[in-house]
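Worksheet: the structure to be examined is printed underneath.
All values below were derived from every heavy atom in this structure, side-chain atoms included, with hydrogens, water molecules and symmetry-related copies excluded.
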Amino acid sequence: MIRLSHAATSEVLRLRAKRSDPQLLFRLSAQPTGCLELSYTMTFDAVIHPGDRLFDCNGIQTVIDAQSLPAIDGLSLDYSEDLMGGGFRFHNPNAMQSCGCGNSFSLGNSTV
């Protein structure tokens, strides 16, 4: 299960509204890049691929591919703004280690 805070939900809706197709799905994944083993990616997509899981997160249709799901299952996504600007914050119970930027993480064993 994936959770989006109220602030993250509002920001995803704001970003999606700026797209040419406001009905796009919100796609979360973990890709093998970044400072550590994996990095979070967020995109908008019109297609659900075989093996994708679809979640309803506060009314936002959220898609996660089968390879990423074990790494980000249980993820809580938040959004906050401070004097340096705004950004998404990832709270992942599966991450054994996270980098300083908060966008890259390690599972301790390669799952993706």
Side-chain angles (χ1 to χ4, degrees):
M1 172 160 229
I2 306 300
R3 290 176 289 286
L4 273 65
S5 70
H6 177 72
T9 300
S10 295
E11 184 63 9
V12 169
L13 290 172
R14 186 188 73 78
L15 292 170
R16 187 174 66 184
K18 295 170 71 174
R19 309 294 282 210
S20 59
D21 181 0
Q23 298 304 312
L24 291 171
L25 304 166
F26 179 56
R27 182 176 289 276
L28 280 169
S29 64
Q31 301 297 316
T33 60
C35 305
L36 295 172
E37 180 182 347
L38 300 167
S39 184
Y40 300 104
T41 62
M42 299 182 300
T43 59
F44 292 103
D45 198 345
V47 179
I48 298 175
H49 303 286
D52 283 351
R53 292 278 312 272
L54 186 63
F55 296 89
D56 183 300
C57 300
N58 298 341
I60 296 175
Q61 295 300 302
T62 305
V63 180
I64 301 174
D65 64 89
Q67 287 184 315
S68 297
L69 187 57
I72 61 177
D73 190 30
L75 178 77
S76 293
L77 183 61
D78 193 14
Y79 181 82
S80 63
E81 293 190 28
D82 57 25
L83 293 175
M84 300 300 288
F88 286 96
R89 309 289 186 254
F90 302 90
H91 306 282
N92 187 346
N94 304 306
M96 298 300 281
Q97 182 180 11
S98 295
C99 72
C101 71
N103 294 329
S104 185
F105 66 103
S106 174
L107 297 172
N109 60 354
S110 186
T111 310
V112 175

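Under the side chain to side chain contact (heavy atoms under 4.5 Å, CB included) criterion, Ala66 pairs with no residue, sequence neighbours left out. For Asp21, the side chain to side chain donor-acceptor pair (under 3.5 Å) test picks out no residue, with sequence neighbours left out. Annotation: side chain to side chain donor-acceptor pair (under 3.5 Å) contacts of Ser80 (sequence neighbours excluded): Arg89. With sequence neighbours left out, Asp45 forms a salt bridge (Lys or Arg N to Asp or Glu O under 4.0 Å) with Arg27. The side chain to side chain donor-acceptor pair (under 3.5 Å) search around Ser10 returns none, not counting sequence neighbours. Under the rule for a side chain to side chain donor-acceptor pair (under 3.5 Å), Thr62 has no partner lying at least two apart in sequence or in another chain.
Distance check: Ile72 CD1 to Tyr40 OH gives 8.0 Å after rounding to the nearest 0.5 Å. Taking CD1 of Ile2 as the reference point, atom CZ of Arg53 lies at 9.5 Å (rounded to 0.5 Å). How far CG of Leu69 is from CE of Met1: 12.0 Å, rounded to the nearest 0.5 Å.
Contact record, Ala7 with Asp78: CB-OD1, 4.0 Å, taken as the closest heavy-atom pair. Scanning both residues, Glu81 and Gly86, for their nearest heavy atoms gives CG-CA, 3.7 Å. The two residues Leu28 and Leu75 make their nearest non-hydrogen contact at CD1-CD2, 4.2 Å. Here the closest heavy-atom approach between residue Ser5 and residue Asn58 is recorded as O-ND2, 4.0 Å. Here the shortest heavy-atom pairing between Ser68 and Gln31 reads OG-NE2, 4.4 Å.
Applying the salt bridge (charged side-chain N to carboxylate O under 4.0 Å, His left out) rule to pairs touching residues 58-76 yields nothing, sequence neighbours excluded.
Residue Leu25 shares its hydrophobic cluster (ILVMFWY side chains chained together at separations under 4.5 Å) with Ile48, Leu54, Val63. Cluster partners of Val47: none. The rule joins Ile, Leu, Val, Met, Phe, Trp and Tyr whenever side-chain heavy atoms lie under 4.5 Å apart, and it links nothing here.
Within a 6.0 Å sphere centred on NE2 of His49, other residues, nucleotides and ligands contribute more than 12 heavy atoms.
Each of Leu15, Leu77, Thr43 was compared with Phe26 under the side-chain contact (heavy atoms from CB on, under 4.5 Å) criterion, and only Leu77 meets it.
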Next on the checklist: Apply side chain to side chain contact (heavy atoms under 4.5 Å, CB included) to residues Phe44 and Lys18 and explain how you reach the verdict.
Outcome noted: CA-CA 11 Å; Phe44 292 103; Lys18 295 170 71 174; over 6 Å; no

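Side chain of Asn92 to main chain of Ala71: a donor-acceptor pair is present (N/O by atom type, distance under 3.5 Å, no hydrogens or angles).
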